[in-house]
Amino acid sequence: MKIIMLGAPGAGKGTQAKQIAAKYSIPHISTGDIFRANIKNGTELGKKAKEYMDQGLLVPDELTCDLVMDRIAQDDAKNGFVLDGFPRTIPQAEALDAALTKIGQSMDYAIDVDVPDENIINRMSGRRACLNCGATYHIVSIPPKKEGVCDTCGSQLVLRDDDKPETVKKRLDVYHDQTQPLIEYYKGKDILKSVDGTQPMEKVFEDITAILGA
Ligand code: AP5
Ligand code: ZN
């Protein structure tokens, strides 16, 4: 099963994608996580990506597309994958389709996790992330067992650099401008499904599994 998670920054794409990956035994491929791992390790890609991410801008398509195409060509993605944060522009969606068409495949679902802008700012300011294992929490709705510490790996939790309110506003503008058009794009391909992302995360996951099947 090949799935795309769509939705505004902070809509809960990552939270849901991790659960989908576990339930359907497919890899969770998050471009944001890949960039953050590169920043943490001080790679050239990380240095370039950080300049854009800290301003709330998208990393250029030429730095993003090849990275994803290489990743989905790996062995563990043979039976499917869940893409989180990619594609984010029409050219990225076209690049993905072209790569899959070449091998006689296509995406199965694009799931739009719908959350209005008003809810987003609050979610982002409360998000705490583990830069070591990628787990995410929310100080009110999904708190870690011990304040500031990752349940999974014990590392210190942080507020992401791009979760500051000014940057979140910019990311929302960029989302409406460059990423939201993908909803029409996938509607046109007849694979778009929408879920109400304002519900508790367990309910959102239930709605998603009702779409994907057991
Ligand atoms: P990325 O990491 O992809 O960020 P994003 O799309 O902005 O998404 P987020 O990770 O912020 O949110 P999410 O929807 O995954 O929500 P989450 O589950 O964490 O990208 C970061 C940057 O990298 C981009 O700005 C860009 O610069 C660059 N980039 C990445 N991909 C790119 C690409 N393809 N092209 C170009 N540039 C790219 O949830 C948010 C919070 O809400 C959490 O605290 C969570 O615990 C909480 N929460 C989740 N679900 C619920 C719920 N149902 N109820 C209450 N709280 C909830
Ligand atoms: Zn962790």
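Values in this document were obtained by computation on a predicted structure and should not be read as measured data. In each ligand, atom 1 is the first atom listed, and ligand 1 is the first ligand listed. The first residue in the sequence is number 1, and the count goes up from there.
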Inset, instruction - Report yes or no: is the cationic atom of Lys189 (NZ for Lys, CZ for Arg) under 6.0 Å from the centre of the six-membered ring of Tyr185, at an angle within 45° of the ring normal? - result: yes
Inset, instruction - Using a 4.0 Å heavy-atom cut-off, say whether Leu58 meets ligand 1 through its side chain, its backbone, both or neither. - result: both
Legend entry - Ion pair Lys50/Asp162, N-O distance below 4.0 Å: no
Inset, instruction - Say whether, by atom type as modelled, one donor and one acceptor occur between the side chain of Gln16 and the main chain of Gly12 under 3.5 angstrom. - result: no
Inset, instruction - State whether the shortest distance between N or O atoms of Asp162 and N or O atoms of ligand 1 falls below 3.5 angstrom. - result: no
Inset, instruction - Before signing off on this row, confirm whether Arg36 and ligand 1 have an N or O atom pair separated by under 3.5 Å. - result: yes
Inset, instruction - Answer with yes or no whether Pro200 contacts ligand 1, where contact means a heavy atom under 4.0 Å from a ligand atom. - result: yes
Inset, instruction - For Gln199 and ligand 1, answer yes if some heavy atom of the residue is under 4.0 Å from a ligand atom, otherwise no. - result: yes
Inset, instruction - Compare His138, Met201, Lys13, Arg88 and give the one whose heavy atom is closest to atom 3 (O) of ligand 1. - result: Arg88
Legend entry - Within 6.0 angstrom of Lys169 NZ, more than 12 heavy atoms from elsewhere: no
Inset, instruction - Select one of side chain, backbone, both or neither to describe which atoms of Tyr137 lie under 4.0 Å from any atom of ligand 1, heavy atoms only. - result: backbone
Inset, instruction - Rounded to the nearest 10 degrees, what's the angle SG of Cys153 makes with SG of Cys133 at the Zn ion (ligand 2)? Could you check? - result: 120°
Legend entry - Distance-minimising heavy-atom pair for Leu6 and Ala110: CD1-CB, 4.2 Å
Inset, instruction - For the pair Arg171 and Asp163, find out whether any cationic side-chain nitrogen is under 4.0 Å from an anionic carboxylate oxygen. - result: yes
Inset, instruction - Select one of side chain, backbone, both or neither to describe which atoms of Ala8 lie under 4.0 Å from any atom of ligand 1, heavy atoms only. - result: backbone
Inset, instruction - Give a yes/no on ligand 1: does Ala11 have at least one heavy atom closer than 4.0 angstrom to it? - result: yes
Inset, instruction - Flag Arg160 as yes when one of its N or O atoms lies below 3.5 Å from any N or O atom of ligand 1, and as no otherwise. - result: yes
Inset, instruction - Show which atoms of ligand 1 fall inside a sub-4.0 Å distance from at least one heavy-atom site of Leu57. - result: 26 (C), 27 (O)
Inset, instruction - Using a 4.0 Å heavy-atom threshold (strictly under), name the region of Ala17 that reaches ligand 1: side chain, backbone, both or neither. - result: neither
Inset, instruction - Examine Tyr52 against ligand 1 and note whether any of their N/O atoms are separated by less than 3.5 Å. - result: no
Legend entry - Closest to atom 36 (C) of ligand 1 (judged by heavy-atom distance), picking from Leu83, Thr15, Val59: Val59
Legend entry - Side chain, backbone, both or neither: the part of Arg128 lying under 4.0 Å from ligand 1 by heavy atom: neither
Legend entry - Atom pair OG1/CD1 of Thr43 and Ile34 - distance to nearest 0.5 Å: 11.5 Å
Legend entry - ligand 1-proximal atoms of Ser141, by part, heavy-atom distance under 4.0 Å: side chain
Inset, instruction - Look only at the side chain of Asp108 and the backbone of Lys2, and say whether a donor-acceptor pair between them is shorter than 3.5 Å. - result: yes
Legend entry - Proximity of Thr64 to ligand 1 by residue part, where a heavy atom lies under 4.0 Å: side chain
Inset, instruction - May I ask you to check if ligand 1 and Val204 share an N or O to N or O distance below 3.5 Å? - result: no
Legend entry - Heavy-atom nearest option to atom 54 (N) of ligand 1, drawn from Arg123, Gln55, Gln92, Lys18: Arg123
Legend entry - Heteroatom distance test (Gly126, ligand 1): nitrogen or oxygen, under 3.5 angstrom: no
Inset, instruction - Measure Thr198 to ligand 1 on non-hydrogen atoms and call it side chain, backbone, both or neither using the 4.0 Å cut-off. - result: neither
Inset, instruction - May I ask you to decide if Asp54's main-chain N or O and Asp161's side chain share a donor-acceptor pair within less than 3.5 Å? - result: no
Inset, instruction - Report the nearest protein non-hydrogen atom to atom 11 (O) of ligand 1: residue, atom name, distance rounded to 0.1 Å. - result: Arg127 NH2, 2.6 Å
Legend entry - Any N/O pair Ile142/ligand 1 closer than 3.5 Å: no
Legend entry - Three-point angle Cys150:SG, the Zn ion (ligand 2), Cys130:SG, rounded to the nearest 10°: 110°
Inset, instruction - Answer yes when Lys170 and Asp173 have at least one side-chain N-carboxylate O distance shorter than 4.0 Å, and no when they do not. - result: no
Inset, instruction - Classify the side-chain pair His176/Asp117 by whether it contains a donor and acceptor separated by less than 3.5 Å. - result: yes
Inset, instruction - Give a yes or no on this: more than 12 heavy atoms of other residues, nucleotides or ligands lie within 6.0 Å of atom CD of Glu166. - result: yes
Inset, instruction - Could you tell me which non-hydrogen atom of Ile183 sits nearest to which non-hydrogen atom of Tyr175, and how far apart they are? - result: CD1-OH, 4.0 Å
Legend entry - N or O pair under 3.5 Å between Phe86 and ligand 1: no
Legend entry - 4.0 Å heavy-atom contact, Lys203 with ligand 1: no
Inset, instruction - Check for a donor-acceptor pair, side chain of Thr31 on one end and backbone N or O of Gly85 on the other, with a separation under 3.5 Å. - result: yes
Legend entry - Any N/O pair Asp84/ligand 1 closer than 3.5 Å: no
Inset, instruction - Determine whether any heavy atom of Met124 lies closer than 4.0 Å to an atom of ligand 1. - result: yes
